There are 2 protein chains.
Amino acid sequence: MSVSIKDIAKISGVSTATVSRALSDPTRVSEKTRQAIMEVVEKHGYRVNSHARSLRRQRADAILALLPDLGNPFFSVILSGIELELQDHGMDLLVADSRATERTGRSVFNHLHASRVDGVICLDGTPTDAARAELAEPDVAERVVFACEWMADGDFPYVRSDNRGGGALAVDHLVGLGHCDIAFLRGPVDNILTEEREAGVREALAKHGLDLPDTRVGGHDFTLEAGFEAAEWIAGLSPRPTAVICTSDQIAIGLMSGLRERGLSVPDDVSVVGFDDIASAAYVTPSLTTIRQDRIGLGRAAAQVMLKRIGVGKAPEACVCTLPVSLMTRHSTAAPKA
Amino acid sequence: MSVSIKDIAKISGVSTATVSRALSDPTRVSEKTRQAIMEVVEKHGYRVNSHARSLRRQRADAILALLPDLGNPFFSVILSGIELELQDHGMDLLVADSRATERTGRSVFNHLHASRVDGVICLDGTPTDAARAELAEPDVAERVVFACEWMADGDFPYVRSDNRGGGALAVDHLVGLGHCDIAFLRGPVDNILTEEREAGVREALAKHGLDLPDTRVGGHDFTLEAGFEAAEWIAGLSPRPTAVICTSDQIAIGLMSGLRERGLSVPDDVSVVGFDDIASAAYVTPSLTTIRQDRIGLGRAAAQVMLKRIGVGKAPEACVCTLPVSLMTRHSTAAPKA
DNA sequence: CTGAAAGCGCTTACAG
DNA sequence: CTGAAAGCGCTTACAG
């Protein structure tokens with residue numbers, strides 16, 4: 001059917017070895033032969049068969065991005081950052097949803113075992129027990145990089161945002177505005193991002209001589225729904241906190257929606273700070289003050305660390321990387337009403 | 001390094017052929033041998049090398065999803081639908097950003113030519129000239145399915161929403177509310193979705209004895225920014241239309257934000273209808289009336305059509321599929337002020 | 001600079 | 001039910 005290296009060799013009157021060299025390492029072939037071969041290659045639209053090459057080279061030239069939820073739009077920008085970087089190195093990107101995969105009973109690292117990919121960028125910080133067991137195997141471990149999320153007890157290369165710093169930024173901003181009764185909305189239980197951001201919030205609060213009592217901590221997920229539900233709780237608190245720090249923009253947007261439905265105004269009655277700076281944060285009403293994560297940068301860096309880890313490109317160096325975050329001041333925060 | 005079928009064969013005391021059969025077609029091996037082999041397989045954690053299998057079988061067991069913009073969150077849910085379906089059939093999912101790929105000078109169908117994937121689900125209805133030329137080649141054409149978007153002049157299997165019907169639904173809703181001066185906000189020039197939705201709007205308008213003059217048509221992109229910018233134009237129109245139909249929720253959300261900044265109220269001054277029903281549509285203020293697309297269904301259907309096309313699973317049957325859309329009535333639309 | 005040959009790890013007619 | 005052997009399409013020491 002499709003033309004192979006053998007055909008090209010025959011037509012060009014050389015061996016397959018020479019064709020292969022002309023394609024992979026042109027300097028090892030005379031200019032004249034190379035040109036003749038390339039002409040034949042062009043004319044017949046020959047492309048190296050990736051499976052044959054991978055089998056022979058023992059290298060897949062592909063990376064798997066493992067997401068906790070492929071449908072979550074938060075990841076799309078990160079994914080595009082990963083792809084941008086991989087493309088520059090001629091590597092392909094496979095994606096899989098770790099939760100959906102577990103449902104099938106297959107291992108999330110199957111791609112690695114089957115040599116389909118050279119490494120996996122794991123964006124899921126809470127793998128199942130089965131996955132954790134596999135992560136303990138050296139031949140899996142040495143091919144994994146964590147991005148965004150990570151395992152508290154693991155020792156893997158990683159790329160992440162400065163989550164603590166982000167929590168602190170939110171606090172400094174609110175305290176600077178005059179707030180001293182601040183609530184905090186968590187993400188899912190055991191999620192490392194939630195824990196880090198909360199730690200950052202507590203540290204910064206302490207620096208200002210404030211604290212975060214248990215009665216001011218709520219939330220259970222990163223979603224719009226969770227934020228919306230939390231509005232009922234916040235609205236019912238007495239005294240009501242004058243500001244809420246949310247661990248995601250989705251929570252914040254859901255929360256603002258819920259507060260409004262209860263007749264509460266943002267920022268007049270309650271200031272709200274998000275986390276992430278997703279695209280719509282600037283366009284909701286009021287526009288959302290939030291902690292910006294550089295998601296493209298996160299994706300690119302994750303791919304870079306991965307490529308280093310598996311020995312593509314530069315020599316292996318720093319295999320961890322924490323990206324700075326920044327405060328985006330918009331209209332969902334204001335000084336508390338006197 | 002890693003254990004191969006040869007090792008398993010040796011340890012089990014059978015030929016590699018028998019191991020292969022035990023793994024792929026257990027009925028062709030005696031129960032006893034099979035069990036013995038499986039035990040060895042389990043114990044040594046053997047996995048079939050995917051490149052060797054693909055090379056031999058001439059099948060990649062993988063599909064490429066080609067998106068116009070990997071970073072656009074609209075696609076994430078579709079992608080998860082595709083993955084769900086592929087997973088059920090043991091197929092892997094590769095993703096690539098068509099615009100980013102073109103930037104590198106490589107062909108977007110390279111994966112197909114290199115046999116890395118068995119087919120490509122194309123979500124980009126406006127391929128470059130180079131890509132169109134390749135789509136004309138039979139061996140490419142027979143492995144492509146369009147999803148969501150498509151080429152007006154192509155004849156490919158496809159999966160799409162009922163875009164015309166969606167346009168009509170929006171009109172019927174607004175006219176039912178009493179609107180008779182309706183504006184329309186387009187997406188990018190030449191985008192087929194925009195054209196279809198506009199056609200649906202015009203047809204429905206005509207049915208009600210109304211029309212859509214050029215002076216009531218604006219917009220140039222599906223983005224939040226484009227919607228925000230359009231607010232200036234809408235606000236400046238005299239007389240001002242009492243309702244606006246947007247070709248995406250992003251446009252609608254951007255528009256509402258811009259209108260509010262100009263002191264206009266939605267829906268009191270202007271009713272707004274979106275298209276897509278993205279997750280945040282229900283949580284913006286006011287919540288957005290929109291045309292819902294079943295994105296998970298779109299993704300699943302696209303994968304199903306693809307699998308049929310390349311002969312996996314069921315016999316090939318209907319290779320086109322138009323999914324119904326539905327009106328989600330929320331708070332961004334109301335009767336026009338008298 | 002070039003070629004002959006081995007081999008990457010599988011699967012599958014073909015025989016028995 | 002099982003095995004020996006060919007071959008999928010490459011790449012790469014090894015020789016010359």
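Any value given below was found using the heavy atoms of this structure, including those in side chains, with hydrogens, waters and symmetry copies removed. Predicted model only: the values in this text are computed from it and were never measured.
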Problem - Short side-chain N/O contact from A/R28 to OP1 or OP2 of C/dC1, under 4.0 Å - result: no
Exercise for the section: Please determine if B/E31 and B/R34 form a salt bridge, counting it only when a charged side-chain N lies under 4.0 Å from a carboxylate O. Expected result: yes
Practice task
Mind checking B/T33 for me? I need base, sugar-phosphate or nothing, with any heavy atom below 4.0 Å counting as a touch.
Solution key: sugar-phosphate
Practice task
Would you mind reading off the distance between B/Q35 atom CD and D/dC1 atom P, rounded to a whole angstrom?
Solution key: 14 Å
Problem - Separation of A/R59 CZ from A/R57 CZ (nearest 0.5 Å) - result: 5.5 Å
Practice task
Indicate, with a heavy-atom threshold strictly under 4.0 Å, whether A/S50 touches base, sugar-phosphate, or nothing.
Solution key: nothing
Practice task
Would you mind reading off the distance between A/K6 atom NZ and C/dA4 atom C1', rounded to a whole angstrom?
Solution key: 13 Å
Problem - Atom-to-atom span, CD1 of A/I5 to P of D/dG9 - whole angstrom - result: 11 Å
Practice task
Among the candidates D/dT11, D/dT12, D/dT2, find the nucleotide nearest to the side-chain atoms of A/R21.
Solution key: D/dT12
Problem - Nearest-0.5 Å distance that lies between atom CG in A/L94 and atom CG in B/D92 - result: 6.0 Å
Practice task
Could you work out the separation of D/dG16 and D/dT12 based on their C1' atoms and round it to a whole Å?
Solution key: 16 Å
Problem - Candidate nucleotides C/dT2, C/dG9, C/dG3, ranked by approach to the side chain of A/V29 - the nearest - result: C/dT2
Problem - Among D/dT2, D/dT11, C/dT12, the one nearest B/S20 by side-chain distance - result: C/dT12
Exercise for the section: Report yes or no: is there a donor-acceptor pair, N or O only, under 3.5 Å between the side chain of A/R56 and the base of C/dG9? Expected result: no
Problem - Cationic N near anionic O, under 4.0 Å, B/R99 to B/D97 - result: no
Problem - Residue-phosphate contact under 4.0 Å: A/Q58 side-chain N/O, C/dG7 OP1/OP2 - result: no
Problem - Salt-bridge contact A/R300-A/D294 (side-chain N to carboxylate O under 4.0 Å) - result: no
Handout entry: Heavy-atom donor-acceptor pair, A/R47 side-chain to D/dG9 base, under 3.5 Å
Key = no
Handout entry: A/I82 side, atom CD1; A/L298 side, atom CG - distance, nearest 0.5 Å
Key = 9.0 Å
Practice task
Can you figure out which of D/dC10, C/dT11, D/dG3 approaches the side chain of A/S4 most closely?
Solution key: D/dC10
Exercise for the section: Take B/E31 and B/T16, find for each the nucleotide of DNA chain D with the closest heavy atom, and name the residue whose nucleotide sits nearer the 5' end. Expected result: B/E31
Practice task
Nearest whole angstrom, please: distance from the C1' of D/dG3 to the CD1 of B/I8.
Solution key: 18 Å
Completion exercise
Atom CZ of A/R116 and atom C1' of C/dG9 are separated, to the nearest Å, by 14 Å
Practice task
Write down the partner of D/dA4 under the Watson-Crick or G-U wobble criteria, each distance required to be under 3.5 Å.
Solution key: none
Problem - Residue-phosphate contact under 4.0 Å: B/S30 side-chain N/O, D/dT2 OP1/OP2 - result: yes
Fill in the blank from the handout: Re D/dA13: Watson-Crick or G-U wobble partner, both distances kept under 3.5 Å, found to be none
Handout entry: From D/dT2, D/dA4, C/dA4, nucleotide with atom closest to A/S15 side chain
Key = C/dA4
Exercise for the section: Whole angstrom is fine here: how far is it from CG in B/L23 over to P in C/dG9? Expected result: 16 Å
Handout entry: Given DNA chain C, 5'-ward residue of the pair B/T18 and B/N49, judged by closest heavy atom
Key = B/N49
Problem - Integer-rounded Å distance: C/dA13 P and B/R57 CZ - result: 12 Å
Exercise for the section: Figure out the CG/P separation between B/D7 and C/dG9, and round it to whole Å. Expected result: 9 Å
